[in-house]
Amino acid sequence: MSKKSHIFKAEIQQVLDLVIHSLYSKKEIFLRELVSNASDAIDRAQYVGLTDKAVVADAPQWRIDIIADKDERTLMVCDNGMGMSEEDMDKNLGVIASSGTQAFTQALKEKQGADVPALIGQFGVGFYSAFMVAEEVTVISLKRGEGQKAVRWSSTGSGTYSLEDAARDKPGTTVVLKLREGMDEFLGEWRVREQVKKYSDFIAYPIRFGEKGEAPKDDAEPLNTMKALWKRAKSDVKPEEYEEFYTHLTHDHQPPLKTVPVAVEGMVEFKALLFIPREGGFDMFMPNRKHGLNLYVRNVFIGADFDLLLPEYLRFVKGVVDSSDLPLNVSREMLQDDAVIRKIKSNITGKILSTLAEMQKDAPEDYRLFFTAFGRILKEGLHFDWENGDKLKGLVLFPSAKTEGNGLISFKDYAAAMPEAQKDIYYLISDDLKTARQSPHIEAVAGRGFDVLFLTDPVDAYIIDRLAEFDGKKLTAVDKGDLELGSDEEKSEAKQKLEAATTEYKSLTDFIKEHLKGDVSEVKLSPRLTDSACCLVASEHALNASMERLMRAMNQTVPDQPRILELNPNHALIQKMNAMYAADAADPALADYADLLLGQAQLAEGSPPKDPQRFNRLISGLMVSE
Ligand code: ADP
């Protein structure tokens, strides 16, 4: 192949410029990125070699060499991993996975000036960090397997890269950095050793240093200890070591919120090192999201993002699992129904749930952070994982009428704070917290000093059935059915009062019902209002307004189910209407007022009035008439 020049895809150039400029103060991370890529390439070769012997026909001793040449001012990172074909190079080094690039540019826009180094790691653009220290980067690679040809990729990081045939007899990849002026520090063994120790000590293959452009001897002392952290006792590992490993694994720039080492012996034996991150990646809710843990079998890397090891609703958990109870030549398909895998999964699930419960008890602020970041995902478990339903119920938090700011409350704390007179747990499903807080539906309940949970996540509508009760206390929607509050005595007193008022207001409510026919199913006096004049409620088993909107947004047909308009007989407006009706039942203003009442009730629950123009005209009319 003659030398061919290619232009970087447009976004790549942008990303490149960004990487070079924004990471400049942390330029040494390029070494970590290249070593990490080399280690991944060996993982892949080792795994493919399990089933395809041709790939490991040379019986390789896996290794990563870092070779400096002070005269040429070059630094090389060599591995004998999987290698890349011309096509691989074009695909991997000429573009960033296009979904990633888009999300990356989007995240940059949203987080204006935010932590760019963090984003870079997260979006898999590590290779490009080499351009921070190198004026030219050359990659020479020979892919493992039969019939492959060596290829050279080269670029100065300004717009184009070239691809041409190369000479390389052993499979693997060499990345050659022609260092920029002032970067000579990276040619010294001391500096390289320091970086490897700091960021790459746990890499499972020996990383050795060579000078004068020569590969280190096979028996040269590696720079890293190669100790698989998950195999070491927790007491032997420093917190920084866990953090470095986490960074290697996730590219997250923040330390994990919680590190969970697991060692299980007995029926199944495995070790795991699990992490709960502080924040979710950009793809947590995307359909093609990755989730799962990296799986090792007796130290051999089997696969990344192994989704059989964790339920979907714990997809925020990162980490590795190493088991000696699985066969080495396994494929994902074979493991689908594997009993050992199922046991590991249920064990890890239990461990994560108990860790979260502990965190909730011992470090509530951390738990609040966790729940704010991942609560929505965790809640999916209530729908799917019935077995752990009670544990999950204990873990969910909600904002409530009594919590302030971004505070959240658990069922347990809610129940503990219930006044004697309160029997049920009250909740309101709503699109957002602001609408919920101002909702007329909570007036009477809150007025009695009872708290109301606000269910404002779209997923809440799906799990509400699973939440039917907590600790023997029924969950009751404040905007549905007949709301009965207080002691039996109070209830019967309230009922009598309401019945008396109902007779008094009967003609008016009949009139409004007739006028709003088709829009509401019923007009009643309300037990739940204290300040507002009116509100709309659903019957006990119907969907409320927020759930209706959610279903429409998902293109589902929503049954036509007009709701009940409730009026507050203690409100001056309703009293005035009653007097107007008594004075002249044919007063045309009554029909306008009825329309206004309905509009108000719709606005209060976050829906637009049925006919916004008419609603505005009526209000304007009222304003001029005064
Ligand atoms: P990431 O490693 O996060 O995917 P990079 O930009 O660092 O992103 O690398 C892009 C891709 O290039 C890798 O996913 C891999 O397929 C390929 N690659 C990089 N370095 C090597 C290497 N030493 N050997 C084989 N493939 C490599």
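First listed ligand is number 1; within each ligand, the first listed atom is number 1. No experiment lies behind these values; they were computed from the predicted model shown.
Here the shortest heavy-atom distance to atom 22 (C) of ligand 1, taken over I64, N92, D79, L34, belongs to D79. Considering each of V139, N37, T173, the one bringing a non-hydrogen atom nearest atom 2 (O) of ligand 1 is N37.
The closest approach between a heavy atom of M82 and any atom of ligand 1 is not below 4.0 Å.
Proximity of the aromatic rings of Y367 and F370 is defined here by a centroid distance below 6.0 angstrom, and this criterion is met.
Listed by number with element, the atoms of ligand 1 under 4.0 angstrom from any heavy atom of R44 are 25 (C), 26 (N).
Within the 4.5 Å cutoff, side-chain heavy atoms of Y313 are placed close to those of T349.
Smallest separation of non-hydrogen atoms from R73 and G182: NH2-N, 4.1 Å.
Of the candidates D79, D43, N224, Y205 forms a side-chain hydrogen bond (donor to acceptor under 3.5 Å, both in side chains) with just one, namely D43.
Looking at D40 next to ligand 1, no N or O pair under 3.5 Å apart turns up. Ligand 1 has no N or O atom lying under 3.5 Å from any N or O atom of L93, backbone or side chain.
Between the side chain of Q148 and the main chain of G145, no donor-acceptor pair closer than 3.5 Å is present.
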